[in-house]
Amino acid sequence: MPANDRRPALGKQLKRSFFARNVLEVAREVIGATLLVDGVGGTIVEVEAYHHTEPAAHSYRGPTPRNMVMFGPPGYLYVYRSYGIHWCMNFVCEAEGSAAAVLIRAVKPTHRLDLMYERRRKYIQNLNDRLLCSGPGRVGEALGVTIEHNALSLDISPIAIHARTEVPEIASGVRIGITKAAELPWRYGVKGSRFLSKPFPKD
DNA sequence: CTCTTGATCTTCT
DNA sequence: GAAGATCAAGAGC
């Protein structure tokens with residue numbers, strides 16, 4: 001088994017207060033953490049940061065029914081519908097009113113792959129480990145996240161996030177699929193991971 | 001490998 | 001009416 005594929009030890013479970021600081025710091029530090037929803041999930045390998053001061057964020061134009069969780073306190077889950085099809089998950093960060101969040105873009109599956117395969121088979125025929133959670137929509141489907149999970153606390157069941165026990169080598173780059181504030185290098189990930197939604201340049 | 005298209009929810013123009 | 005923090009399938013090279 002490649003060293004890259006070991007299941008890392010679980011660190012202490014992160015509390016809501018972990019998210020009450022700069023969204024870029026949180027984005028870097030959750031890389032390598034283990035995200036579980038009802039015991040299903042794995043290692044976070046790719047995220048992006050968003051903040052209400054830049055136009056790519058859903059919160060840029062102020063609160064709406066969809067994004068209001070972003071304007072609330074940090075340490076909660078913001079779930080939104082993407083392209084009318086997918087459910088994408090974010091960790092709300094900083095402070096009430098900051099409307100900052102970290103989008104979970106890719107996870108290396110380590111826990112309950114059986115359930116992930118069962119869920120993802122509904123959307124794709126030729127499935128493999130790499131296709132389970134390598135993209136924000138895929139993460140939502142594999143982990144069984146829907147609008148029902150919107151505004152749930154990040155430190156209370158069914159959600160658990162465990163701190164990393166080793167610090168991976170982190171790559172950063174521009175965010176994917178946006179046209180506004182496209183120059184900000186607010187995408188972070190595990191350098192060279194095969195579970196990224198897309199490689200980083202020079203990976 | 002790249003390109004195109006359909007899926008169809010929320011928000012903005 | 002159009003665009004968007006996306007994904008999968010199919011065509012073509």
Side-chain angles (χ1 to χ4, degrees), chain A residues 19 22-24 26-28 30-31 35 37 42 44-72 74 76-94 98-109 116-151 154 171-190 193-201 203:
Chain A
F19 302 92
N22 181 273
V23 69
L24 299 181
V26 176
R28 283 189 292 264
V30 294
I31 297 297
L35 166 63
V37 178
I44 297 171
V45 295
E46 181 186 340
V47 302
E48 284 173 0
Y50 289 88
H51 192 278
H52 85 271
T53 52
E54 47 88 14
H58 288 166
S59 50
Y60 180 62
R61 293 166 197 278
T64 66
R66 174 176 73 164
N67 68 17
M68 69 176 184
V69 174
M70 280 188 84
F71 287 85
Y76 290 84
L77 192 68
Y78 163 49
V79 178
Y80 72 92
R81 193 75 136 149
S82 172
Y83 287 87
I85 307 286
H86 311 288
W87 296 110
C88 297
M89 53 192 307
N90 299 252
F91 302 157
V92 176
C93 296
E94 297 198 356
S98 278
V102 169
L103 169 69
I104 309 306
R105 285 197 53 91
V107 166
K108 174 177 113 177
M116 294 196 216
Y117 270 94
E118 189 180 314
R119 291 164 174 163
R120 292 276 296 129
R121 262 196 292 271
K122 297 172 192 156
Y123 303 94
I124 183 171
Q125 299 307 315
N126 291 325
L127 202 46
N128 57 53
D129 286 4
R130 199 187 63 78
L131 289 175
L132 285 179
C133 314
S134 56
R138 293 166 175 171
V139 170
E141 279 137 22
L143 273 58
V145 169
T146 71
I147 194 62
E148 307 274 308
H149 295 80
N150 192 38
L154 295 177
S172 66
V174 297
R175 295 172 295 182
I176 294 179
I178 58 168
T179 55
K180 294 169 245 173
E183 73 288 352
L184 293 179
W186 285 10
R187 175 181 178 230
Y188 299 95
V190 176
S193 169
R194 71 188 184 96
F195 295 98
L196 297 173
S197 68
K198 265 179 75 172
F200 285 86
D203 237 14

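Among the atoms of the strands shown, base atoms are found under 4.0 Å from some heavy atom of A/I85. Contact annotation for A/R175: no contact, since no heavy-atom pair falls under 4.0 Å across all strands. A/E141 comes within 4.0 angstrom of no nucleic acid atom, judged by non-hydrogen atoms across all strands. Within 4.0 Å of A/I124, counting heavy atoms only, lie sugar-phosphate atoms of the nucleic acid but no base atom. A/Y123 comes within contact range of the sugar-phosphate backbone alone, with a heavy-atom separation under 4.0 Å but no base atom that close. A/R187 comes within 4.0 angstrom of no nucleic acid atom, judged by non-hydrogen atoms across all strands.
For B/dA7, the base has no donor-acceptor partner in the side chain of A/Y83 [N/O atoms by modelled type, under 3.5 angstrom].
The separation between A/M68 atom CE and B/dT10 atom P is 13 Å, rounded to whole Å. At whole-Å resolution of the value, CZ in A/R66 and P in C/dG4 are 12 Å apart. Taking atom OH of residue A/Y60 and atom P of nucleotide C/dG4, one finds them 15 Å apart after rounding to whole Å. Following rounding to the nearest Å, A/N90 (CG) and C/dT6 (P) show an atom-to-atom distance of 11 Å. Between the CD atom of A/Q125 and the C1' atom of C/dG10 there is a distance of 14 Å, rounded to whole Å. Distance CG (A/L127) to C1' (C/dA8): 12 Å, rounded to an integer number of Å. Residue A/K180 contributes atom NZ, which lies 14 Å from atom P of B/dT11 at whole-angstrom precision. Rounded to whole Å, the distance from CD on A/E48 to P on C/dG4 is 15 Å.
Applying the 6.0 Å contact sphere to CD of A/E148 captures no more than 12 heavy atoms from other residues, nucleotides or ligands. Around the CZ atom of A/F71, the shell of radius 6.0 Å holds more than 12 heavy atoms that belong to other residues, nucleotides or ligands.
The one candidate from A/R28, A/R105, A/R175 that meets the salt bridge (charged side-chain N to carboxylate O under 4.0 Å, His left out) condition with A/E48 is A/R105. Remark: of the listed residues A/V30, A/V107, A/L103, A/V30 is the sole one forming a side-chain contact (heavy atoms from CB on, under 4.5 Å) with A/V47.
Taking 4.0 angstrom as the limit, A/R61 places none of its side-chain polar atoms (N or O) nearer than this to OP1 or OP2 of B/dT10. Distances shown here put a side-chain N or O of A/T179 below 4.0 Å from the OP1 or OP2 atom of C/dG4. For A/R105 and C/dT6, the shortest distance from a side-chain N or O to OP1 or OP2 is below 4.0 Å. OP1 or OP2 of C/dA5 sits under 4.0 Å from a side-chain N or O of A/H58. Note on A/R81: every side-chain N or O is 4.0 Å or more away from OP1 and OP2 of C/dT6. Checking the phosphate oxygens (OP1, OP2) of C/dA5, no side-chain nitrogen or oxygen of A/S82 falls inside 4.0 Å.
Closest approach of A/N67 to A/G62, counting heavy atoms only: ND2-O, 3.0 Å. In plain terms, the two heavy atoms of A/V79 and A/I147 that are nearest each other are O-CD1, 3.9 Å. The shortest non-hydrogen separation linking A/V190 to A/I44 is CG2-O, 4.3 Å.
Contacts with DNA chain C (heavy atom under 4.0 Å) in residues 128-136 of chain A: A/G135, A/P136, listed by number.
When the C1' atom is compared between B/dT10 and C/dA8, the two are found 22 Å apart, to the nearest whole Å. Rounded to a whole angstrom, the distance from the P atom of C/dC13 to that of B/dT5 is 15 Å. A distance of about 15 Å separates the P atoms of C/dA2 and B/dG6, rounded to the whole Å.
Listed candidates were C/dT6, B/dT11, C/dA5. Nearest to the side chain of A/L103 is C/dA5. Among the nucleotides B/dT10, C/dA5, C/dC7, the one closest to any side-chain atom of A/R138 is C/dC7. Nearest nucleotide to the side chain of A/R120, out of B/dT11, C/dA9, C/dA8: C/dA8.
Seen from the ring of A/Y123, A/R138 does not count as a face-on cation partner, given the 6.0 Å and 45° thresholds.
Ionic pairing of A/E141 and A/R119 is not present here: no N-O contact between side-chain nitrogen and carboxylate oxygen is shorter than 4.0 angstrom.
Using the Watson-Crick or G-U wobble rule with both distances under 3.5 Å, C/dA5 pairs with nothing in any strand shown.
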